[in-house]
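These notes concern the structure reproduced below.
Lettering follows sequence order; numbering is per chain, from 1.
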Amino acid sequence: MSFLPRSPSAIFLSTVGLLAVVAAVFPQWLTPYDPTGIDVTALLAAPSWRHPFGTDELGADVLARVIYGVRLELAIALGSVVLAGVVAIPCGLLAGYLGGWVDWVLTLVADSILSFPIVLFAVLIVASLGASVATLIGVLGFVFVPRIFRLVRGQTQVIRATGFVRAARAMGVRTPTILVRHILPNILGPLLVIVPQLMAIAVLIEAGLSFVGLGVQPPQISWGSLLLVSKNYYIAAAWYPLAVGTVTTLAAAALVFGGDLAAAAVNPSRRRV
Amino acid sequence: MSEVLLEAEDIRIRFAKRSGRKNQVVRAVDGLSFAVDPGETFGLVGESGSGKSTAGNAAIGLQELFSGTVRYRGEPMPVPGSARWRDLRRQLQVVFQDPFSSLNPRWTIRQALSEPLKLHGLASAEERDGAIARLLEQVGLGAELAARYPAALSGGQRQRVCIARALAVQPELIVCDEITSALDVSTQAQIISLLQDLKAQTQVALIFISHDLGLVRGVADRIGVMYLGRFVETGETGKIFARPLHPYTIALLHAVPVPDPEREAARKHQPLHGEIPDPADPPSGCYFRTRCPYATDICAAEAPAFEEMEDGHRVACHHVREIEQGVRRS
Ligand SMILES: Nc1ncnc2c1ncn2[C@@H]1O[C@H](COP(=O)(O)OP(=O)(O)OP(=O)(O)O)[C@@H](O)[C@H]1O
Ligand SMILES: [Mg+2]
């Protein structure tokens, strides 16, 4: 019952989330057009009531293409965050709880990843594995690992020192059980808060990498691949790249904003239990 | 039951501490020896930072030693994490100071109390609710609390739940680490009287840690007064209160108010001056000399021996004879 949206932040986040999920699963509910439909009578048509974002170089509705792009966008953003979480959460728990050399080594690895330039890294990986959605998810996931790791590690260090964890240890509860049953549930709040933030970064990096040809390849539709194609028409049809770029930026902003709202909701003496 | 339950022999515990650019060593516990008999309550008293918690944790195998030994029923404390060590978790329990962080905020009281029962196979699923109700009753709480979350409980109630959780495994020894210091005075008194009842009912031994000598008097059979990781005075509670011999104990006792207001007003106060020294950089000789009204040159030159004054009453002070005379005269 505490999962029903009550606060404005929860309502905002769930609206954005619902819209994204509908666009990803049932895009046909949101637009009557076929994103790959060709209409030679309306190539690069300017925005109108029928085509709010105009049409592309083959006459397809740009709004429809943007909406159909959400699926891949969401898959990349969620996929990379989940991938990173699968690696970073156990590592962060262990580093934060055990300390010592385990912590030292894991933190060193995380910091090394953090200090590596993302684009250079992406170029290296794409050059050796080829540009694809899977590679992109892998690159983003890798980039997110240290961010999630640091958060989990820090939170774990705080909770490790609390009485209930020490009492569990004194009682003989084994370390894996302490990590999963006592510590993890208590860091879920801060953990969920950074998910929209990381997804925003994923959307922006996807756009950037695909734009330079290192991410999603046309004809697969993502916002980045749309940007890549649309930039060829920035003189003849300036609204085309502009519309795609604006949607990308707004989506990222909404995610960051949502993350901030969630952080504010989680941070101060929230504990309503 | 004359066998000693727990015995600490010359235990030392050190922590690395970084202050600025220097790496220092904190001797949190610096050569403590004590023994606890079955069913006995040993009071550990001292100011903040004197190493009480560290000593308490070490006594039940939760803190690695730098040197010395802790023996439980004659056997050395096994390595943390080993099977033997895990077995001992049923015998040795602890209750912490802060009742607000001592219970998982996401667990109901039932879940909190189920954990030890399940872990040590002490009650089947059907028996569990009954066992939880009995535990709650034992610490003076109603069974209806089991369904609540810690946030819905007062500090005193939570501390009772923590005591119940420690009792769940039917331990032989519970370390109570400042368990009343986060509570208001009347709740403190209730918890103390609960401990007295539990001692009588269950024969559990306690190591009762507090900075408040007055509180310790109510529960402890014997007392060890700590200063910077060492004992300055140990002995039976009655003897220490009747005839404190170490200047530090005397000063601590002066800080304990006397219940009778007339006598309280007539008392000569001998407050402790100054701060407790940095445990990473203790004074030479007797650690207490920097704050001691009796301190002379010898106190700076050498550490006093821990002398037995009478049966079980030991004092570490170069000037204990003078003090003894003085105490006799007044
Ligand atoms: N894990 C640790 N790492 C480093 N130093 C520690 C650690 N635990 C304790 N210390 C230091 O050891 C000394 C003794 O600490 P301890 O907590 O045992 O004292 P205490 O008598 O229980 O005090 P308090 O009344 O504040 O609880 C202190 O100087 C403290 O800073
Ligand atoms: Mg302490």
Side-chain angles (χ1 to χ4, degrees), chain A residues 1-4 6 89 93-104 107 152 154-193 262 265-273, chain B residues 53 56-57 60-63 80-108 111-120 122 148-153 158-159 161-163 165-166 168-169 171 173-175 177-179 182:
Chain A
M1 47 180 185
S2 63
F3 289 101
L4 282 182
R6 269 180 299 199
I89 293 172
L93 286 170
L94 284 175
Y97 188 76
L98 297 179
W101 67 266
V102 175
D103 183 28
W104 192 86
T107 304
V152 172
Q155 295 284 325
T156 303
Q157 284 173 335
V158 171
I159 294 177
R160 176 187 63 176
T162 58
F164 66 86
V165 171
R166 290 159 68 202
R169 194 173 131 72
M171 206 183 281
V173 182
R174 288 169 186 276
T175 303
T177 314
I178 291 183
L179 293 180
V180 174
R181 302 245 298 134
H182 280 291
I183 296 184
L184 191 57
N186 281 290
I187 64 177
L188 234 42
L191 204 53
L192 288 177
V193 165
V266 167
N267 250 329
S269 53
R270 166 210 51 147
R271 303 262 170 244
R272 53 195 141 88
V273 197
Chain B
S53 300
N57 286 335
I60 56 173
L62 296 180
Q63 172 68 57
S82 65
R84 263 303 283 144
W85 181 84
R86 212 169 287 287
D87 287 345
L88 275 189
R89 299 303 99 211
R90 263 201 69 182
Q91 317 298 338
L92 306 170
Q93 277 298 304
V94 57
V95 180
F96 297 106
Q97 170 171 5
D98 179 13
F100 294 91
S101 67
S102 291
L103 295 166
N104 188 334
R106 300 191 173 268
W107 283 14
T108 60
Q111 287 174 297
L113 295 178
S114 297
E115 190 175 45
L117 297 176
K118 281 189 210 163
L119 189 70
H120 295 282
L122 296 172
R148 304 231 188 120
Y149 283 93
L153 269 56
R158 288 183 209 203
Q159 208 55 302
V161 172
C162 292
I163 295 171
R165 180 176 58 188
V169 295
L173 173 78
I174 304 178
V175 172
D177 191 351
E178 305 254 17
I179 62 169

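- Annotation for A:V173 and B:E115: closest pair CG2-OE2, 3.6 Å, computed over non-hydrogen atoms.
- Annotation: side chain to side chain contact (heavy atoms under 4.5 Å, CB included) contacts of A:T107 (sequence neighbours excluded): A:D103, A:D111, A:F149, A:R153.
- Under the side chain to side chain contact (heavy atoms under 4.5 Å, CB included) criterion, B:L122 pairs with B:R90, B:L117, B:H120, B:V169, not counting sequence neighbours.
- Closest non-hydrogen pair, B:R106 versus A:P185, comes out as NE-O, 2.9 Å.
- Top candidate by heavy-atom pairs under 4.5 Å with chain A, chosen from B:I60, B:N57, B:N104, is B:N104.
- The line from CZ of A:R181 to CD of B:Q111 is 7.0 Å long, rounded to the nearest 0.5 Å.
- Under a cut-off of 6.0 angstrom, the local environment of CZ in A:R174 is sparse, with at most 12 non-hydrogen atoms contributed by other residues, nucleotides or ligands.
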Show the atom names and distances, to 0.1 Å, of all donor-acceptor pairs under 3.5 Å that link a side chain in residues 91-103 of chain B to residues at least two apart or in another chain.
{"residue": "B:Q93", "atom": "NE2", "partner": "A:A170", "partner atom": "O", "Å": "3.4"}
{"residue": "B:Q93", "atom": "NE2", "partner": "B:R89", "partner atom": "O", "Å": "3.0"}
{"residue": "B:Q97", "atom": "NE2", "partner": "B:S181", "partner atom": "OG", "Å": "3.2"}
{"residue": "B:D98", "atom": "OD1", "partner": "B:F100", "partner atom": "N", "Å": "2.9"}
{"residue": "B:D98", "atom": "OD2", "partner": "B:S101", "partner atom": "OG", "Å": "3.2"}
{"residue": "B:S102", "atom": "OG", "partner": "B:D98", "partner atom": "O", "Å": "2.7"}

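- Against chain B, the residues from residues 159-167 of chain A that qualify, each with a non-hydrogen atom under 4.5 angstrom away, are A:T162, A:G163, A:F164, A:R166, A:A167 in number order.
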